[in-house]
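Here is the structure we will look at.
Every heavy atom of this structure was used, including side-chain atoms; hydrogens, water molecules and symmetry mates were not. One-based numbering along the sequence shown.
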Amino acid sequence: MIYIINFLVLAVDAFFERFIKSKVFLYISSILLVCFAGFRGFNVGPDTPVYVSFYEETLAKIGNSYFEPGYHFLEHFCSFLGLSTTFFLTIVSLLTMLLLVSGFKYFTVFPSSILLYYYARFFMNRNMGQIRAALAASIILFSLRYVQKKQLFTFMFFCLLATLFHKGALIALLIYPFNLFVWRYLKTKKGIVEFTILILILVYLLSIFGTGLIYRIFDVLSSAYVDSNNDNAKQSLGINNPVIWMQVLLTIFAILFLNNNSDRKNEVIITTYLLSTILLILLSHYYVLAGRLSSMLATVEPLLFLKVTDHFFGNKTISYFIFLILSIFIFWLINIKSGVLSPYAFSF
């Protein structure tokens with residue numbers, strides 16, 4: 001029930017934000033999500049027990065964390081200050097939310113709406129479980145402004161910073177050259193759509209016939225992601241994965257209706273999402289790897305959904321309720337139908 005209450009609060013904030021120019025709605029939504037993730041019980045969320053266990057070992061000065069150096073430093077810094085496990089989870093949640101909100105605000109005037117969809121699509125798995133990936137993905141989202149501003153080295157700095165929390169973030173370095181190629185050499189909307197369809201087909205064929213090559217390339221990330229002896233890593237829906245089709249359709253709709261040569265921000269989020277879709281198809285035979293890597297770049301999905309619905313339905317009220325219906329459907333599909341939600345409890 002508390003998950004639905006959160007959704008309703010976020011939905012109300014998103015509605016009023018459309019008509020009242022005030023940051024208070026964004027503050028309420030952000031604080032709600034920070035506290036909800038930070039104050040959760042130590043068994044709430046898929047990976048929470050693991051992170052709790054490692055932090056408590058660090059706090060007790062026993063054992064060694066095998067995580068990336070940025071997260072390792074954050075663990076040790078907080079434990080040096082003697083912060084409790086709940087305080088540590090709240091700090092991670094706060095850092096992630098600050099970066100997310102800053103990234104979303106740069107690309108839209110309705111960030112509360114974006115947080116509503118983010119909650120439905122990503123929040124449970126990321127902020128309530130995969131906290132390293134959540135922090136890395138938020139840094140990548142923040143860095144996209146530097147792609148739009150054509151500040152390559154600043155963008156690279158933030159991408160490398162993200163890899164200090166999750167090495168899968170290294171894939172984000174492809175965004176800058178890919179964005180340049182798509183919009184510099186494919187001038188027309190028709191050309192970009194044809195290119196998108198062609199590359200998705202080629203990637204799909206490669207995913208079928210090039211699994212051995214994919215295995216050798218991505219094995220450097222983690223055997224847990226691609227190990228052929230790991231049943232979890234081998235799980236796959238292939239091209240039948242509904243998320244693939246959703247991303248393909250949203251990408252094409254975005255290109256058709258948001259491609260405006262005067263709006264470089266739209267171009268950046270479209271190419272970032274297209275790259276996410278390519279990765280999802282290419283790695284479709286490696287369930288965990290596909291989800292972890294493509295998700296790093298898919299954080300822009302709420303932005304595209306909001307922009308596409310606003311384009312189709314110019315009226316603020318109508319577009320809001322269409323966006324709300326989409327968010328409800330995604331929340332049901334990702335969290336309720338899949339059974340990913342675990343009973344919520346506070347850590348105190």
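The CD1 atom of Ile139 sits 8.5 Å away from the CZ atom of Phe158 when rounded to the nearest 0.5 Å. Rounding to the nearest 0.5 Å places CZ of Phe87 at 5.0 Å from CD1 of Ile91. Taking OG of Ser112 as the reference point, atom NZ of Lys105 lies at 10.0 Å (rounded to 0.5 Å). If you take CG on Leu304 and CD1 on Ile255, they are separated by 9.5 Å, rounding to the nearest 0.5 Å. The structure places OG of Ser113 at 7.0 Å from OH of Tyr320, a figure rounded to the nearest 0.5 Å. Residue Tyr273 holds its OH atom at 12.5 Å from CD1 of Ile278, rounded to the nearest 0.5 Å.
With contacts defined as side-chain heavy-atom distances shorter than 4.5 Å, the pair Thr277/Leu250 does not qualify. Between Thr48 and Met128, the closest side-chain pair of non-hydrogen atoms is not below 4.5 Å. Side-chain contact between Met124 and Leu341: present, with at least one pair of heavy atoms (C-beta onward) separated by less than 4.5 Å. Residues Tyr118 and Phe104 meet the side-chain proximity criterion, which asks for heavy atoms closer than 4.5 Å. Residues Ile270 and Trp183 are in side-chain contact: their nearest non-hydrogen atoms beyond the backbone lie under 4.5 Å apart. The side-chain heavy atoms of Leu33 and Asn127, taken from C-beta on, include no pair separated by under 4.5 Å. Inter-residue side-chain proximity for Tyr71 and Leu135 is flagged as unmet; no heavy-atom pair is nearer than 4.5 Å.
When hydrophobic clusters are built by joining Ile, Leu, Val, Met, Phe, Trp and Tyr residues whose side-chain heavy atoms come closer than 4.5 Å, directly or via intermediates, Leu333 is not grouped with Ile325. Linking Ile, Leu, Val, Met, Phe, Trp and Tyr residues whenever their side-chain heavy atoms come within less than 4.5 Å places Ile201 and Met246 in a single cluster. Put simply, Leu94 and Ile31 are part of two different groups of oily side chains (I, L, V, M, F, W, Y) that touch within less than 4.5 Å, one to the next. Grouping the Ile, Leu, Val, Met, Phe, Trp and Tyr side chains by contacts below 4.5 angstrom, directly or via other members, places Phe312 with Ile328.
Using modelled atom types, one side-chain atom of Thr96 and one backbone atom of Val92 make a donor-acceptor pair closer than 3.5 Å. Distance alone, capped at 3.5 Å, places no donor-acceptor pair between the Asn125 side chain and the Gln130 backbone. At distances below 3.5 Å, at least one donor-acceptor pair connects side-chain atoms of Thr309 with backbone N or O atoms of Leu306. A donor-acceptor pair is defined here as one N or O able to donate and one able to accept, closer than 3.5 Å; no such pair exists between the side chain of Ser93 and the backbone of Leu89. Between the side chain of Thr271 and the backbone N or O of Glu267 there is at least one donor-acceptor pair closer than 3.5 Å. Looking only at distances, no side-chain donor or acceptor of Ser30 sits under 3.5 Å from a matching main-chain atom of Tyr27. Ser276 places a side-chain N or O within donor-acceptor distance of the main-chain N or O of Ser294, the cut-off being under 3.5 Å. In this structure, Thr272 contributes its side chain and Ile175 its backbone to no donor-acceptor pair below 3.5 Å.
The minimum heavy-atom distance linking Leu293 with Ile171 is given by the pair O-CG2, 4.2 Å. Arg40 and Gly129 make their closest contact through NH2-N, 4.4 Å (heavy atoms, listed as atom of the first residue, atom of the second, distance). Closest heavy-atom contact between Pro302 and Ile114: O-CD1, 3.4 Å. The two atoms that bring Gly45 and Ser342 nearest to each other are N-OG, 3.5 Å, heavy atoms only. Residues Thr299 and Met296 share a closest heavy-atom pair of OG1-O, 3.8 Å. When every heavy atom of Phe42 is checked against every heavy atom of Ser347, the shortest pair comes out as CE2-CB, 3.7 Å.
Heavy atoms from other residues, nucleotides or ligands lying under 6.0 Å from OH of Tyr344 number more than 12. Other residues, nucleotides and ligands place no more than 12 heavy atoms under 6.0 Å from the CZ atom of Phe80. No more than 12 heavy atoms of other residues, nucleotides or ligands shown are found within 6.0 angstrom of NZ on Lys150.
Residues meeting the side chain to side chain contact (heavy atoms under 4.5 Å, CB included) test with Leu81, sequence neighbours left out: Phe77, Leu83. For Lys307, the side chain to side chain contact (heavy atoms under 4.5 Å, CB included) partners two or more places apart in sequence, or in a different chain, are Leu258, Asn266, Ile269. Applying the side chain to side chain contact (heavy atoms under 4.5 Å, CB included) test to Val12 and every residue at least two apart in sequence or in another chain returns Phe16. When the side chain to side chain contact (heavy atoms under 4.5 Å, CB included) test is applied to Ser79, the partners found at least two apart in sequence or on another chain are Tyr55, Thr58, Leu59, His76. Applying the side-chain hydrogen bond (donor to acceptor under 3.5 Å, both in side chains) test to Tyr119 and every residue at least two apart in sequence or in another chain returns nothing.
When the options Val300, Val101, Leu99 are evaluated for a side chain to side chain contact (heavy atoms under 4.5 Å, CB included) with Leu141, the one that passes is Val300. Exactly one residue among Phe305, Phe123, Phe7 makes a ring-ring contact (aromatic ring centres under 6.0 Å, His included) with Tyr117. That residue is Phe305.
Ring to ring, Phe323 and Phe313 are not that close: their centroids are 6.0 angstrom or more apart. The six-membered or imidazole ring of Tyr3 lies near that of Phe36, with a centre-to-centre distance under 6.0 Å.
One side chain, Ser295 or Arg126, offers a donor N or O that lies under 3.5 Å from an acceptor on the other.
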ask   = Would Lys265 and Tyr106 count as a side chain to side chain contact (heavy atoms under 4.5 Å, CB included) if you check the C-alpha gap in whole Å, the side-chain angles of each, and the deciding distance to 0.1 Å?
value = CA-CA 9 Å; Lys265 291 182 179 180; Tyr106 185 79; 3.7 Å; yes
ask   = Would Tyr51 and Phe88 satisfy side chain to side chain contact (heavy atoms under 4.5 Å, CB included), going step by step from the backbone distance to the final call?
value = CA-CA 10 Å; Tyr51 287 114; Phe88 171 70; 5.7 Å; no
task = Show the numbers, then the answer: is there a side chain to side chain contact (heavy atoms under 4.5 Å, CB included) between Leu324 and Phe15?
result = CA-CA 9 Å; Leu324 177 61; Phe15 177 78; over 6 Å; no
query = Does the pair Gln247 and Ile281 meet the rule for a side chain to side chain contact (heavy atoms under 4.5 Å, CB included), with working shown?
reply = CA-CA 10 Å; Gln247 291 203 194; Ile281 296 173; over 6 Å; no
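Within the structure, the salt bridge (charged side-chain N to carboxylate O under 4.0 Å, His left out) test picks out the following pairs touching residues 10-32 (sequence neighbours left out): Arg18-Asp310.
Relative to the six-membered ring of Phe142, Arg145 meets both conditions, a distance below 6.0 Å and an angle of at most 45° to the axis.
Ring geometry for Trp332 against Phe329 counts as tilted: the plane angle lies between 30° and 60°, on a 0 to 90° scale.
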